[in-house]
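One structure below.
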Amino acid sequence: MVLIIVCINILASFFHSGLDLTREKRFTLSEPTRKLLKNMNEVAVIDVYLKGKFPAKFQRIQEAVLERLRSFKDLAGNKIVFRFIDPLEGKSDKEQKQIVHDLEQKGIFFIQISSKDQEDYSMKICFPYALVQYNGKETPVLLLENPPNKTAEEKISYSEALLEYKFAYAINVLSKPVRPRVGYITGNGELLGINTFDMLANTLPFYYDLDTIDLNHITHISGAYDAIIVNQPTETFTEPQLFKLDQYVMNGGHVLMVVNNLKASLDSFKDSPQFIAMDYGLNLDELLFRYGIRVNSDLVEDNQCAPLPRTMNGQVDIKDWVYFPRINPTSEHPIVRNLDFILSGFANSIDTIRATGIKKTILLQSSKYSRTSMAPVRVSLSMMNYPIPDRLMDKPYKTVALLSEGKFASAFRNKLAPEFLKTLDSLKLPFKKFSDSNAKFIVLTMGNVFRNEYSAKQGVLPIGYYPYSSEFFENKSLLLNCLEYMTDHSGVLEARSKQVKLRLLDEARVRDEKSTWQIANVVIPAILVLIFASGYLFFRRRRYEVKATVGNKPVGE
């Protein structure tokens, strides 16, 4: 028996398998991830910097990472090599400082956690990261997320749910010989400068080859761009500019458009405590209409909103600002699944229009207590003195982010002169009435989604950081997910849809039924043991008594 047990344990160390009985299939890899792992051409080496004794929540992450990497290895075999290491173990103070510096250069940062040893508390450095090395390149993976609007247990479950996606995404990105190309459209007053620095200078160049495209100085938008970004234009689009956008989509291009129809921003309060939000006149209505989208000339007001400070009589007063909705993603689409709150500012509502062959998916909506005000809208800081009752918020769930995808029809169909069509043919730019392949068009009407703030003391602040309440919102993750959905055809983003549900004890019920369950757990096992022992003795005695009786019978009988 000892030999059999030893052999079973040896085999178990080489062959890992399991049966996933969880309702949300938390241990089952998604199909795109399975396909990615089966088609790996080289060995991926994954260093996990979570070795050692940590508090309970870090131990949970350790176990979750180990389980996930084992499931990766089951499919990829020897193409996955992972190890848990403590980068500072056995190193001198000088060596530790150098290691910390080297890891920070790779995007791996430490956090300090408290640990209790007998009666003493001590601080320990921890690196909640893994480093994935594949195809001659490497990238860090953050293992422990820290969303501000979740409890400690929710943060752990949230981090566990994203592990498959993060490791699969890292391998997928490193496996590509060429990074996707993304174009940032200019020429119509699009947002540029210090307030887009974090996204355009710090974030997007890490994942994409990013260029700027001036619509006034090109004949067409090259199909070499995997996606283009149109971010908050403020000037009217001309027909030639719209034609270039349209034909890019007809050639299978993908567009992420952040647009506001009304001229409304906090800068409008510089000269007066109120302003009138008027229509920009962007001339995008017909183009979007052809793609099954209508952006309304209104402002969304939502009681689920962020605060805004104002100065009254020399004192700073902070109150909720209905024009800055906190958008809570409820859609099951991978772009927004598992995202926390997203900060919006002066958003317009979106309606869907019937379009043949086009699939439309609502990504983000306002809360139950919201409404819209049609242009022209008077916006005044004095509104904060009179909160709008929930009963007057009678237009709930207004769409502020929409995905439209499929084979689009051109907005210029049957509108171009024959002479212009001949000119296009001579330039080898034939006009297309319909898109050849499925294109994706995402419209976001949330004004602050692409914007980062700037502080004279701290410099450029991260996108999604709201300084007035010191909160972090998921604006950056939303934009990156949109671009990944448009540029990556592996489907790895599907792994974001996985969710690890919390099944916590009902504390009130535990308190009320504490004695009952304590008795049940102590008495019932003892009773079962006594019943088993009594039954065993009874049947054993009966068996031997029968044998003894048979053996003592007279010979004649």
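Note that the structure is a prediction, hence the values are computed from the model and not measured. Index from 1, following the sequence.
In the model, Asn172 has a side-chain atom that pairs as donor or acceptor with a side-chain atom of Asp488 under 3.5 Å. Side-chain contact, Asp436 with Asn251: no donor N or O sits under 3.5 Å from an acceptor N or O. Asn188 and Gln241 are linked by a side-chain donor-acceptor pair at a separation below 3.5 angstrom, with hydrogens and angles left out of the test. Counted by atom type alone, Arg413 and Ser410 present zero donor-acceptor pairs between their side chains at under 3.5 Å. A donor atom on one side chain and an acceptor atom on the other are found under 3.5 Å apart for Glu164 and Thr33. Arg179 and Tyr208 share no side-chain donor-acceptor pair at under 3.5 Å. Judged by distance alone, the side chains of Tyr184 and Asn231 do bring a donor and an acceptor atom under 3.5 Å apart.
With hydrogens and angles ignored, the 3.5 Å screen pairs no side-chain donor or acceptor of Lys79 with any backbone N or O of Leu37. Judged by distance alone, the side chain of Asn452 and the main-chain N or O of Ile194 form a donor-acceptor pair under 3.5 Å. The backbone N or O of Asn348 sits less than 3.5 Å from a side-chain atom of Thr445, completing a donor-acceptor pair. With hydrogens and angles ignored, the 3.5 Å screen pairs a side-chain donor or acceptor of Gln304 with a backbone N or O of Arg326. Lys398 contributes no side-chain N or O that, together with a main-chain N or O of Ser349, makes up a donor-acceptor pair within less than 3.5 Å. Of the possible polar contacts, one joining the Gln62 side chain to the Leu50 backbone as a donor-acceptor pair under 3.5 Å is found. A distance-only check finds no donor-acceptor pair linking the side chain of Asn338 to the backbone of Tyr158 [under 3.5 Å]. Listed for the Thr234 side chain is a donor-acceptor partner under 3.5 Å among the backbone atoms of Gly189. With hydrogens and angles disregarded, no donor-acceptor distance shorter than 3.5 Å links the side chain of Lys432 to the backbone of Ala409.
Within the model, atoms CZ of Phe341 and CD of Glu474 stand 11.0 Å from one another, a figure rounded to the nearest 0.5 Å. Taken from CG in Leu288 to CE in Met257, the straight-line distance is 5.5 Å, to the nearest 0.5 Å. To the nearest 0.5 Å, atoms CD1 (Ile99) and CD (Glu104) are separated by 12.5 Å. To the nearest 0.5 Å, atom CG of residue Leu444 and atom CG of residue Leu364 are 7.5 Å apart. Taking CD1 of Ile46 as the reference point, atom CZ of Arg83 lies at 11.0 Å (rounded to 0.5 Å). Rounding to the nearest 0.5 angstrom, the gap separating the CG atom in Leu339 from the OG atom in Ser331 is 10.0 Å.
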Does the pair Arg181 and Asp211 meet the rule for a salt bridge (charged side-chain N to carboxylate O under 4.0 Å, His left out), with working shown? CA-CA 8 Å; Arg181 292 188 66 188; Asp211 295 329; 2.7 Å; yes
Yes or no on salt bridge (charged side-chain N to carboxylate O under 4.0 Å, His left out) for Arg337 and Glu494, after CA distance, side-chain angles and deciding distance? CA-CA 9 Å; Arg337 180 68 183 272; Glu494 181 183 324; over 6 Å; no
Given the rule in the ring-ring contact (aromatic ring centres under 6.0 Å, His included) test, do His220 and Phe243 qualify, once you have shown the distances and angles that lead to the verdict? CA-CA 9 Å; His220 68 288; Phe243 180 77; over 10 Å; no
Please evaluate residues Phe82 and Phe72 with respect to the criterion ring-ring contact (aromatic ring centres under 6.0 Å, His included), reporting the C-alpha separation (whole Å), side-chain torsions for both, the decisive distance (0.1 Å), and the verdict. CA-CA 10 Å; Phe82 64 88; Phe72 274 36; 9.6 Å; no
Go through it in stages, so that I can follow the logic: the residues are Ile185 and Ile221, the test is side chain to side chain contact (heavy atoms under 4.5 Å, CB included), and I'd like the CA-CA distance, side-chain angles, deciding distance and then a yes or no. CA-CA 10 Å; Ile185 299 298; Ile221 301 176; 4.2 Å; yes
Verdict with supporting geometry, Ile80 and Phe167, side chain to side chain contact (heavy atoms under 4.5 Å, CB included): CA-CA 11 Å; Ile80 293 287; Phe167 282 115; over 6 Å; no
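Here Glu160 does not pair with Arg68 in a salt bridge; the nearest charged N to carboxylate O distance is not below 4.0 Å. For Lys51 and Asp86, the salt-bridge test fails: no basic side-chain N is under 4.0 Å from an acidic carboxylate O.
Partners of Tyr165 under the ring-ring contact (aromatic ring centres under 6.0 Å, His included) rule, at least two apart in sequence or in another chain, are Tyr169. Every residue was checked against the side chain to side chain contact (heavy atoms under 4.5 Å, CB included) condition with Glu63, not counting sequence neighbours, and none meets it. Considering only residues two or more places apart in sequence or on other chains, Tyr291 meets the ring-ring contact (aromatic ring centres under 6.0 Å, His included) condition with Phe408, Phe441. With sequence neighbours excluded, the residues forming a side chain to side chain donor-acceptor pair (under 3.5 Å) with Thr203 are Lys476, listed by chain and number. For Tyr466, the ring-ring contact (aromatic ring centres under 6.0 Å, His included) partners two or more places apart in sequence, or in a different chain, are Tyr468. By the side chain to side chain donor-acceptor pair (under 3.5 Å) test, Asn78 pairs with no residue at all, sequence neighbours left out.
Remark: aromatic rings of Tyr454 and Phe197 are distant, center separation not under 6.0 Å. Aromatic rings of Tyr465 and Phe472 (six-membered ring for Trp) have centroids within the 6.0 Å cut-off, being under it.
Cation-pi geometry between Lys440 and Tyr485 is met: under 6.0 angstrom from the ring centre, within 45 degrees of the axis.
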